[in-house]
**Q** 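Below is a structure I'd like to ask you about.
Counting starts at 1 for both ligands and their atoms, following the listed order. Heavy atoms only: backbone and side chains are in, while hydrogens, waters and symmetry mates are out. Numbering of residues begins at 1 and proceeds along the displayed sequence.
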Amino acid sequence: MLGINMADPGILCYQHCGPKVFCLALSEKCPCCSMSLGSTNMKLPPFRLPYPFVEPRPCSIILKPTEGDFLNDYYNFMDLHIGVTTSTGVIVEYDKDGIRRTYNKGKNSPWAQSLLVDTICDGWMEHWDAVLDETCMQKRWLSDEYQEITHNCYTFVLAFLRNLNYSRLSSAAQSKTLFCEKYICPRTTAAGKYISLYRKIRDNGHYIHPTDKTV
Ligand SMILES: [Zn+2]
């Protein structure tokens, strides 16, 4: 289901006289050449950048900042928290309080703006729920076992994925580093670009992408 996400700031991109301009709303004049935007032809008409964050969907691995939201509060990988959703969209996470289940509260949920790490095909949903239940029952996920660096939300999700035995997702989950490289980094890098662009626009009104003058 595609719809406009309420938290999407709606970043626009266009080219008037040369460089790419990013903004939240079109101004009357081009910030590069100061000519009116209305009457002249654009090299590239405005289009909206895809918003990288989603509401959690069933049977997925999802990321969010430990505190706050991606657009305003996220700085680096250390700030991330990872969770799993069930086939009915309940969010299951492991933290210092042990296993926690959050029922999706729509846009008020702390997970409302999540980054999707991966999801599975429909035929696997029952198996996914069963393995998730089994994994949650293990004593190693009691709150006493929690260690901030070595036995945390990420350890839990990887253990679940290994138990799941689902193609490449489970083989990458054999190693924290490999999973990070194959699944986490590509997502956070793409999201990081969007976030830094958003913050530049928020702070300056627009952002002009520097171009190589020889091109
Ligand atoms: Zn211009």
Side-chain angles (χ1 to χ4, degrees), residues 1-58 60-83 85 91 104-119 168 172 177 179-215:
M1 254 194 336
L2 282 178
I4 298 290
N5 189 308
M6 293 306 284
D8 179 355
I11 298 182
L12 298 172
C13 171
Y14 66 88
Q15 280 175 282
H16 177 250
C17 46
K20 276 188 181 143
V21 179
F22 297 89
C23 57
L24 297 180
L26 290 181
S27 50
E28 272 177 32
K29 290 174 178 171
C30 169
C32 308
C33 65
S34 301
M35 301 278 280
S36 161
L37 281 183
S39 53
T40 43
N41 284 336
M42 292 205 185
K43 280 178 76 178
L44 176 71
F47 67 93
R48 192 169 174 143
L49 295 193
Y51 184 62
F53 308 110
V54 294
E55 274 193 39
R57 52 191 76 173
S60 303
I61 306 296
I62 50 176
L63 288 165
K64 75 169 189 67
T66 312
E67 303 289 341
D69 65 52
F70 272 109
L71 283 185
N72 297 295
D73 308 298
Y74 172 69
Y75 286 94
N76 62 53
F77 182 71
M78 295 304 290
D79 300 329
L80 284 176
H81 183 54
I82 191 165
T85 62
I91 297 147
N104 196 355
K105 301 185 211 81
K107 31 178 212 303
N108 298 322
S109 160
W111 290 90
Q113 307 301 314
S114 301
L115 200 50
L116 178 68
V117 176
D118 210 359
T119 185
R168 280 178 308 182
T177 326
F179 192 81
C180 192
E181 190 183 299
K182 299 267 184 220
Y183 286 93
I184 310 280
C185 294
R187 316 287 188 270
T188 53
T189 307
K193 284 184 186 161
Y194 188 92
I195 294 165
S196 84
L197 186 59
Y198 167 75
R199 290 179 189 165
K200 283 177 189 147
I201 299 169
R202 181 193 62 191
D203 298 344
N204 304 308
H206 61 262
Y207 174 68
I208 302 169
H209 191 263
T211 44
D212 186 344
K213 292 207 171 61
T214 60
V215 175

**Q** Could you tell me if Arg187 sits above the aromatic ring of Phe70, with its cationic atom closer than 6.0 Å to the ring centre and no more than 45 degrees from the axis?
**A**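 Ring-cation test returns no.
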**Q** Donor-acceptor pair, distance only, cut-off 3.5 Å: does the side chain of Ser60 make one with the backbone of Thr85?
**A**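 No, because the side chain of Ser60 does not come within donor-acceptor range (under 3.5 Å) of the backbone of Thr85.
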**Q** Over all heavy atoms of both residues, which pair between Val21 and Pro31 is shortest? Give the atoms and the distance, please.
**A** CG1-CG, 3.8 Å
**Q** Give a yes or no answer on whether the side chain of Thr66 reaches the backbone of Asp79 with a donor-acceptor pair at less than 3.5 Å.
**A**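 Such a contact is found between Thr66 side chain and Asp79 backbone.
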**Q** Restricting to distances shorter than 2.8 Å, give the number of protein N, O or S atoms close to the Zn ion (ligand 1).
**A**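 Excluding waters, the total comes to 4.
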**Q** Mark yes or no for whether Ser27, through its side chain, and Lys29, through its backbone, hold a donor-acceptor pair below 3.5 Å.
**A** yes
**Q** What is the ring orientation for Phe179 with Tyr183, classed by angle as parallel under 30°, tilted 30 to 60°, or perpendicular over 60°?
**A** parallel
